[in-house]
Amino acid sequence: RPGMTTHANGDLLMVYQTNELGNEDVMFTRSSNGGLNWSTPVPVADTAAGEVWPSITSDPESGRIFVAYQLGAAAPTTIMVAYSDDGAVWTQVNGFGCGVLCTRPRIASEYWNGTSNRQYVVFDAEIVFGTNWDLVVIRSEDDGLSWAFLYESGNPPAPPDVRHQPDIAVYRGTDGTDRVAVFYRYGFAFPGTQGYMEWSEDHGSTWLGPSGWAVNVNAPPVIAAAHDGDSVLVGFNSAGNDIWWAADQDPTDLWWGAGSSAGVWLGTGNNLALAVDGAGSTSLTVGGSYHLFARSVAGGDIIHVSAPVNVTDPLNWTAIATASDTAGSPSGVWPTKAATTVFRGGSWWPAVTWADLRLGGGNYELYFTTPGAWYTIDTNPGLLQVLVDGTPGTAPVTATWLAGTTHTVMAVSPQTAGVGMRYGWINWSDGGAQSHSIVAGGVDVTLIANFGLEYLLTLNSARGGVTGGGWYRNNTVATVV
């Protein structure tokens with residue numbers, strides 16, 4: 001059960017639930033190079049009581065990292081929130097003590113209010129076993145030092161019902177109003193099969209809705225809001241592994257109706273993760289795209305689609321692409337995955353992590369991917385020297401480069417080919433200069449440096465004064481005077 005977000009400095013931040021230490025604990029790791037390498041995991045919380053269902057966010061103004069999790073697996077549980085300024089030392093804070101089973105907290109942080117950024121946690125609470133679930137929202141206004149109860153949806157006098165598996169998004173609307181939006185499963189029987197939206201326009205003090213957005217919601221739904229406040233989008237599974245999306249292009253009014261649209265991929269996948277461009281940024285001008293991930297029904301791969309934040313039509317989405325590698329075996333037992341976005345090379349790129357069973361033996365491992373490509377730097381003829389990002393190597397040199405990153409390649413010239421012979425650089429297959437930069441994309445590429453054989457012409461004359469000696473490329477004419 002991983003969670004993932006992006007820090008203001010561009011680092012990828014990940015938490016996950018594990019039983020490596022003998023019971024369920026929450027661990028943290030980070031990557032400072034786009035996911036190519038990850039730090040040694042450290043415990044966020046590792047008590048004997050067991051910690052499950054971690055969710056992570058960060059405040060891009062302060063840089064503080066927050067992890068919400070459920071303490072204990074059986075009622076009564078406690079919703080905890082740990083915070084850290086460096087990812088190494090964590091402080092655990094009691095967010096909400098439940099006298100019942102409270103589960104699956106989801107956390108989000110404002111990003112536009114500077115030092116006044118607030119953090120919110122939503123979770124569900126089993127009030128009456130199997131028949132009455134409420135959702136609860138708590139908030140911190142002091143960067144996670146303390147948490148206050150805000151709202152309980154479903155609290156009497158409402159009749160017993162199920163408000164289950166909520167997800168949360170925060171945004172400043174295009175009208176300048178700060179909003180907190182919660183999307184969840186609703187029904188009169190557990191686990192609830194309708195999708196309901198509730199939202200607050202005063203930082204969680206009062207709430208609007210609920211508004212029915214969906215029917216036949218058969219798995220935990222996901223929600224995201226455009227970073228520029230332009231739209232809100234939800235994703236969910238219905239029966240038959242259908243993947244649905246629903247969007248509101250007027251997020252100043254989240255009642256389903258005018259400005260709302262939806263679409264579906266029939267029989268395609270399950271267990272969704274959703275991200276939107278702008279993660280870790282304080283900017284209110286980032287629009288960009290939504291990125292939706294799922295576990296494919298066909299083969300179990302992780303699949304991915306994207307659409308601009310002003311999506312209104314199924315045709316706005318990209319074609320379904322496979323994100324996981326061919327050796328992957330994404331878990332169906334632990335299907336939770338997490339997604340975020342990261343800024344590289346002037347563009348936003350999605351990233352996703354999931355539990356994988358490719359090594360077998362019942363041991364699950366976390367795998368991560370983000371768009372990138374396999375680059376092969378070769379020479380013609382082969383086995384000549386090149387410099388790749390300043391490092392010398394004998395061709396072919398191969399590298400995995402993240403999309404949007406900039407790299408340099410240089411053809412070393414001249415290079416010896418024997419007595420009186422050498423290789424001289426002619427051109428690169430991409431038309432670049434002898435030393436030039438390339439911006440990596442998402443398609444595998446082979447770059448070839450073409451060389452020509454050159455010969456040393458040595459002139460000797462008893463009379464002297466002969467000119468025209470030197471290096472000449474094969475099949476060129478030497479002029480001797």
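Values reported hereafter were calculated over all heavy atoms of this structure, with side chains retained and with hydrogens, waters and symmetry mates removed.
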So, [X] versus [Y]: side-chain donor-acceptor pair below 3.5 Å or not?
X      : Y      : value
Glu198 : Ser153 : yes
Asn310 : Thr312 : no
Thr405 : His407 : yes
Asp301 : Thr322 : no
His227 : Asp277 : no
Trp244 : Asn216 : no
Asn117 : Thr115 : no

Problem - Verdict with reasoning, Asn237 to Asn218, per side chain to side chain donor-acceptor pair (under 3.5 Å) - result: CA-CA 6 Å; Asn237 277 125; Asn218 281 23; over 6 Å; no

Practice task
Report the C-alpha distance between Trp255 and Trp213 in whole Å, list the side-chain angles of each, state the deciding distance to 0.1 Å, and finish with yes or no for ring-ring contact (aromatic ring centres under 6.0 Å, His included).
Solution key: CA-CA 8 Å; Trp255 293 101; Trp213 272 46; over 10 Å; no

Ring-plane angle category for [X] and [Y], please: parallel below 30°, perpendicular beyond 60°, tilted otherwise.
X      : Y      : answer
Phe123 : Phe96  : tilted
Trp147 : Phe66  : perpendicular
Trp38  : Phe368 : perpendicular
Trp317 : Trp245 : tilted

Rounded distance [0.5 Å steps], [atom1] in [X] versus [atom2] in [Y]:
X      : Y      : atom1 : atom2 : result
Asn241 : Asn270 : CG    : CG    : 4.5 Å
Ser231 : Leu233 : OG    : CG    : 7.0 Å
Arg358 : Ser324 : CZ    : OG    : 7.5 Å
Arg163 : Tyr184 : CZ    : OH    : 4.5 Å
Tyr69  : Asp25  : OH    : CG    : 10.0 Å
Asp230 : Thr174 : CG    : OG1   : 6.0 Å

Problem - Trace of the side-chain contact (heavy atoms from CB on, under 4.5 Å) decision for Ile168 with Val180 - result: CA-CA 7 Å; Ile168 189 169; Val180 185; 3.7 Å; yes

Report the residue from [options] that forms a side chain to side chain contact (heavy atoms under 4.5 Å, CB included) with [X].
X      : options                : value
Val81  : Leu145, Val121, Thr91  : Val121
Tyr111 : Thr57, Leu284, Val286  : Leu284
Val182 : Tyr151, Trp207, Trp199 : Trp207

Practice task
Among Arg118, Arg172, Gln119, find the one that has a side-chain hydrogen bond (donor to acceptor under 3.5 Å, both in side chains) with Glu110.
Solution key: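 The option that passes is Arg118.
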
Exercise for the section: State yes or no: are the ring centers of Trp90 and Tyr83 separated by less than 6.0 Å? Expected result: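 Between Trp90 and Tyr83, the centre distance exceeds or equals 6.0 Å.
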
Exercise for the section: Report the C-alpha distance between Ser289 and His291 in whole Å, list the side-chain angles of each, state the deciding distance to 0.1 Å, and finish with yes or no for side chain to side chain donor-acceptor pair (under 3.5 Å). Expected result: CA-CA 6 Å; Ser289 298; His291 307 277; 5.0 Å; no

Practice task
Determine the minimum heavy-atom distance between Pro371 and Pro350, stating which atoms define it.
Solution key: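 Looking at all heavy atoms of both residues, the shortest contact is CD-O, 3.0 Å.
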
Handout entry: Cation-pi check, Arg104 onto Trp53 ring (under 6.0 Å, within 45° of axis)
Key =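 Positive - Arg104 is close enough to the ring of Trp53 and near enough to its axis.
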
Practice task
Return yes if some donor-acceptor pair links the side-chain N/O of Ser58 with the main-chain N/O of Ile65 below 3.5 Å, else return no.
Solution key: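 No, the answer is negative, given that no donor and acceptor are paired below the 3.5 Å cut-off.
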
Handout entry: Audit row: Arg64, Asp59, salt bridge (charged side-chain N to carboxylate O under 4.0 Å, His left out) steps and yes/no
Key = CA-CA 5 Å; Arg64 179 162 286 183; Asp59 179 350; over 6 Å; no

Exercise for the section: Answer yes or no: are there more than 12 heavy-atom neighbours, outside Phe129 itself, under 6.0 Å from its atom CZ? Expected result: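 Counting other residues, nucleotides and ligands, CZ of Phe129 stays at 12 neighbours or fewer.
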
